[in-house]
Amino acid sequence: MAHQQSSRARVSPNSDTEDMFEMATVLAPRLAYFAGVARTEHVTRAAQEMQVPQSTLSRAMVRLEQDLGVDLFARRGRTLSLTPAGRTFLGSVERALAEIERAADEVRADADPATGKVAFGFLHTMGAETVPGLIHAFRAGHPRVRFSLVQNYGEAMLERLRAGELDLCLTSPVPNAPDLVARRLDEQKLRLVVPADHRLAGRRRIRLAEAAEETFVTLEPGYGLRRITDDLCREAGFKPRIAFEGEEAETLRGLVAAGLGVALLPPPAVPRPGVAELTVTAPRAAREIGVAWLDGHPDTPPVAAFKKFLLSKRGNLLPD
């Protein structure tokens, strides 16, 4: 009895998270044993079904009751019957074990080479044409692989990559961080987009310095394209006067069409009326697109296959 009291004092549950974790750690290894014995109500038959020594099972049940401080079984020789507390406990244990089995099935399914899942992040500007084309081409050889797709700006995707929520992401600029692996895949030219009735709209080419007096619309700070815009303007010798900041490139194109400013943007998936798009000759206006993943993070077979596919697209990632 002294041993039982000591054990109960050691893991007595309270509201403290650390004690709750300690209790779960103590109980978890014995729950499947308990469910097996409760199902058969016989230690010998349960031991045979679970292929464990009967002595191991008997000791586990005694320790479980000691740790809980509650009798789970009424014993009559080798036959057991659940007490009311045991039946209450069994219901929760069966739900917990079913949830564990469901989670195991889910992660096994996600890792299946033929039908597994890839969590893939990409920039908004990649969503209309580039990513659908990539997935369509990949699934020609992997028709049942599933994708969880996330569109976001670069820094947000890298945060989700580090949190384990993404397997891979297409981003720009290509990150340079010690915890990430990144590979440059392609380059995308940026254009100066002006309203169709703008004084520069009849031009095909322009030096960015010629737009120094213009009002710009840009993405918000933290977006890779915003950082590139600021850097290019600085290289051209001016700081842009910004009238509007947004979260999506096509929204900015709409603001330009409405006459609210000019913008440095990648080419649209579909030509937009109301704007003229000028090639920037100086400084060189382009952004690198790359794929990134967490360094040291093991790949499931479907992730490894899609990563290999993306790397094979180096220099040919973007549509002409």
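Every heavy atom of this structure was used, including side-chain atoms; hydrogens, water molecules and symmetry mates were not.
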Is [X] atom [atom1] crowded by more than 12 heavy atoms from other residues, nucleotides or ligands, each under 6.0 Å away?
| X | atom1 | value |
| --- | --- | --- |
| Arg205 | CZ | no |
| Arg207 | CZ | no |
| Arg284 | CZ | no |
| Arg314 | CZ | no |
| Phe89 | CZ | yes |

Any donor-acceptor pair under 3.5 Å linking the side chain of [X] with the backbone of [Y]?
| X | Y | answer |
| --- | --- | --- |
| Asp167 | Ala119 | yes |
| Glu65 | Phe73 | yes |
| Arg204 | Thr279 | no |
| Ser312 | Phe309 | yes |
| Thr56 | Val52 | no |
| Asp186 | Leu318 | yes |
| Arg146 | Thr115 | yes |

If hydrophobic clusters are built by linking Ile, Leu, Val, Met, Phe, Trp and Tyr wherever their side-chain heavy atoms come under 4.5 Å apart, do [X] and [Y] end up in the same one?
| X | Y | result |
| --- | --- | --- |
| Val193 | Leu208 | yes |
| Val107 | Leu168 | no |
| Val150 | Leu225 | no |
| Val174 | Leu232 | no |
| Leu265 | Met126 | no |

Whether [Y] and [X] form a salt bridge (side-chain N of Lys/Arg under 4.0 Å from carboxylate O of Asp/Glu) is what I want to check.
| X | Y | answer |
| --- | --- | --- |
| Asp105 | Arg108 | yes |
| Arg144 | Asp112 | no |
| Arg162 | Glu159 | no |
| Arg45 | Glu49 | no |

So do the side chains of [X] and [Y] get within less than 4.5 Å of each other, counting heavy atoms only?
| X | Y | value |
| --- | --- | --- |
| Val62 | Arg59 | no |
| Pro175 | Leu158 | yes |
| Leu317 | Leu170 | yes |
| Glu277 | Val275 | yes |
| Tyr223 | Glu247 | yes |
| Leu123 | Arg287 | yes |
| Leu190 | Val280 | no |
| Leu72 | Leu64 | yes |

Just checking, any donor-acceptor pair under 3.5 angstrom between side chains of [X] and [Y]?
| X | Y | value |
| --- | --- | --- |
| Thr229 | Arg226 | no |
| Glu214 | His198 | yes |
| Ser81 | Arg76 | yes |
| Ser172 | Glu288 | no |

Any chance you could measure [X], atom [atom1], to [Y], atom [atom2], to the nearest 0.5 Å?
| X | Y | atom1 | atom2 | value |
| --- | --- | --- | --- | --- |
| Leu278 | Thr281 | CG | OG1 | 10.5 Å |
| Leu185 | Asn316 | CG | CG | 11.0 Å |
| Glu155 | Thr171 | CD | OG1 | 7.5 Å |
| Phe216 | Ile242 | CZ | CD1 | 8.5 Å |
| Leu31 | Ser92 | CG | OG | 10.0 Å |
| Glu165 | Leu161 | CD | CG | 10.0 Å |

Whether Phe120 and Phe306 hold their rings parallel, tilted or perpendicular, with breakpoints at 30° and 60°: perpendicular
Search all heavy atoms of [X] against all heavy atoms of [Y] and return the closest pair with its distance.
| X | Y | value |
| --- | --- | --- |
| Pro302 | Gly116 | CG-CA, 3.8 Å |
| Pro266 | Arg253 | O-NH2, 2.7 Å |
| Met157 | Cys169 | SD-CB, 4.0 Å |
| Gly127 | Gln151 | CA-NE2, 3.8 Å |
| Ala249 | Thr125 | CB-CG2, 3.5 Å |
| Val217 | Gly261 | CG1-CA, 4.3 Å |

Show your working on side-chain contact (heavy atoms from CB on, under 4.5 Å) between Met61 and Phe34 and close with a plain yes or no. CA-CA 7 Å; Met61 293 305 94; Phe34 167 74; 4.0 Å; yes
Using side-chain contact (heavy atoms from CB on, under 4.5 Å), reason through Leu80 and Val37 one step at a time and then give a plain yes or no. CA-CA 8 Å; Leu80 307 176; Val37 174; 3.4 Å; yes
Evaluation steps, salt bridge (charged side-chain N to carboxylate O under 4.0 Å, His left out), between Asp230 and Arg227: CA-CA 5 Å; Asp230 290 345; Arg227 187 158 66 251; over 6 Å; no
Audit row: Glu210, Arg203, salt bridge (charged side-chain N to carboxylate O under 4.0 Å, His left out) steps and yes/no: CA-CA 12 Å; Glu210 296 179 72; Arg203 301 271 298 274; 3.0 Å; yes
Go through Lys239 and Arg234 one step at a time and tell me if the side-chain contact (heavy atoms from CB on, under 4.5 Å) criterion holds. CA-CA 6 Å; Lys239 181 177 181 179; Arg234 186 181 307 110; over 6 Å; no
Evaluation steps, side-chain contact (heavy atoms from CB on, under 4.5 Å), between Leu219 and Tyr153: CA-CA 10 Å; Leu219 295 179; Tyr153 67 97; over 6 Å; no
